[in-house]
Amino acid sequence: MAMAYLAWRLARRSCPSSLQVTSFPVVQLHMNRTAMRASQKDFENSMNQVKLLKKDPGNEVKLKLYALYKQATEGPCNMPKPGVFDLINKAKWDAWNALGSLPKMYHEIMRALKAASKDDSIITVLTGNGDYYSSGNDLTNFTDIPPGGVEEKAKNNAVLLREFVGCFIDFPKPLIAVVNGPAVGISVTLLGLFDAVYASDRATFHTPFSHLGQSPEGCSSYTFPKIMSPAKATEMLIFGKKLTAGEACAQGLVTEVFPDSTFQKEVWTRLKAFAKLPPNALRISKEVIRKREREKLHAVNAEECNVLQGRWLSDECTNAVVNFLSRKSKL
Ligand SMILES: CCCCC/C=C/CC(=O)SCCNC(=O)CCNC(=O)[C@H](O)C(C)(C)COP(=O)(O)OP(=O)(O)OC[C@H]1O[C@@H](n2cnc3c(N)ncnc32)[C@H](O)[C@@H]1OP(=O)(O)O
């Protein structure tokens, strides 16, 4: 397998949950299933390692592991709550239920990235399915409140976002974005962590964070000013200026723009040629480039998630999300 291929989908109500990976030479797989099996196996191995620990990690740790295992293998808890006298099963149910329904897209992309980082693919490509690259975070995520309330929801989302962005920071192979159409929010900010970004001339780049009462993520508060100058980054990240593909390329966020009519053909020809390069040289060169920035990027990620956790609890954010979900006119 030379190339792993991940696809975002436009967040139409049910967000980008259908993730596909195609490997080369052209064999189509529904990688979300394959990747899930690999990650479940890893998880089971880790669970078995826990059983071999000389010192008992304690009930709290074991319950957390149980909850993460159930969430990873079965999804959000929707079992009936055990009775008050069934103490053990109730404690397990509480731990699983406390994780709430964490957005699926993030888990699927993380699983696929983790699988691609370990398999024999050479480069990894993230692209969109359909007309859009991605419409960013599924805003309906904010409407599903777990029993712990909005504070817990914000905290869980911040933990998940930090882990998600961390996977991009640490991804060891060349990571390439094929931006086939408009991109919004987190799908744009993450581009600063990619090694190359190829865009159709139909693509646009929009980060309407202030309009949504939110703040930048994906390390963009650090990468964007570096890539495009602080003033240009301000226009995008604070004032929500939408860039055309040509503007994004002129400002260094996009590597190259192609006419939409020949976009797929030209880009994939180029990517197939990249995938023939010596894999160790690619990986080692990426590490040399990323190494001196990694610690800083993780610190920026942690801070951005912290700030966002507070933003998600603000009236500004709540009102913006409610407005979007009940809007008549579009953003
Ligand atoms: C773990 C948590 C981590 C959180 C990380 C934080 C990330 C921050 C962000 O990503 S902020 C960005 C959020 N995204 C947006 O603000 C985009 C909002 N959407 C739009 O601007 C437009 O919908 C569009 C430009 C993407 C597409 O416009 P178009 O006119 O082509 O289509 P519609 O507007 O009619 O949309 C079709 C249906 O899809 C629904 N939808 C679109 N985007 C989202 C979204 N982000 N979340 C939820 N739902 C979305 C839209 O409501 C329509 O649904 P309907 O047909 O049922 O009305």
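Computed from a prediction, not measured in an experiment: that's the story for all the values here. In what follows, residues are counted from 1 in the order of the sequence shown. Indexing begins at 1, ligand by ligand and atom by atom, following the structure's order.
Ligand-side atoms of ligand 1 in range of Leu212: 11 (S), 12 (C), 13 (C), 16 (O), range being under 4.0 angstrom from any heavy atom. Below 4.0 Å from some heavy atom of Gly136 lie the following atoms of ligand 1, by number and element: 10 (O).
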Checklist entry - Do Lys114 and Asp170 pass the salt bridge (Lys or Arg N to Asp or Glu O under 4.0 Å) test, and can you show the C-alpha distance, the side-chain angles, and the key distance before you say yes or no? => result CA-CA 10 Å; Lys114 281 175 189 162; Asp170 290 331; over 6 Å; no
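Only side-chain heavy atoms of Glu217 come within less than 4.0 Å of ligand 1; its backbone N, CA, C and O stay farther off. Residue Ile186 touches ligand 1 through backbone and side chain together, judged by heavy-atom distances below 4.0 Å.
Counting only residues at least two apart or on different chains, the salt bridge (Lys or Arg N to Asp or Glu O under 4.0 Å) pairs with a member in residues 250-259 are Glu256-Arg270. For residues 295-311, the salt bridge (Lys or Arg N to Asp or Glu O under 4.0 Å) pairs, not counting sequence neighbours, are Arg311-Glu316.
Considering backbone and side-chain N/O of Asn157, none are found under 3.5 Å from N/O of ligand 1. Below 3.5 Å of separation, one finds no N or O of Leu160 facing any N or O of ligand 1.
For the residue pair Tyr222 / Glu293, a side-chain donor-acceptor distance below 3.5 Å is found, with atom types taken as modelled. Counting only N and O atoms by type, the side chains of Tyr106 and Asn137 include a donor and acceptor under 3.5 Å apart.
The closest donor-acceptor contact from the side chain of Arg283 to the backbone of Pro174 lies at 3.5 Å or more, if one exists at all.
Under a 4.0 angstrom heavy-atom cut-off, Phe164 registers as lying outside contact with ligand 1. Judged by the shortest distance from any of its heavy atoms, Trp312 lies inside the 4.0 Å radius around the atoms of ligand 1.
Which of Tyr106, Phe209, Tyr132 comes nearest to atom 24 (C) of ligand 1 through a heavy atom is settled by distance: it is Tyr132. Scanning Ser135, Gly185, Pro182 for the heavy atom closest to atom 14 (N) of ligand 1 points to Ser135.
Between His211 and His206, the two ring planes are perpendicular [angle over 60°; tilted spans 30° to 60°].
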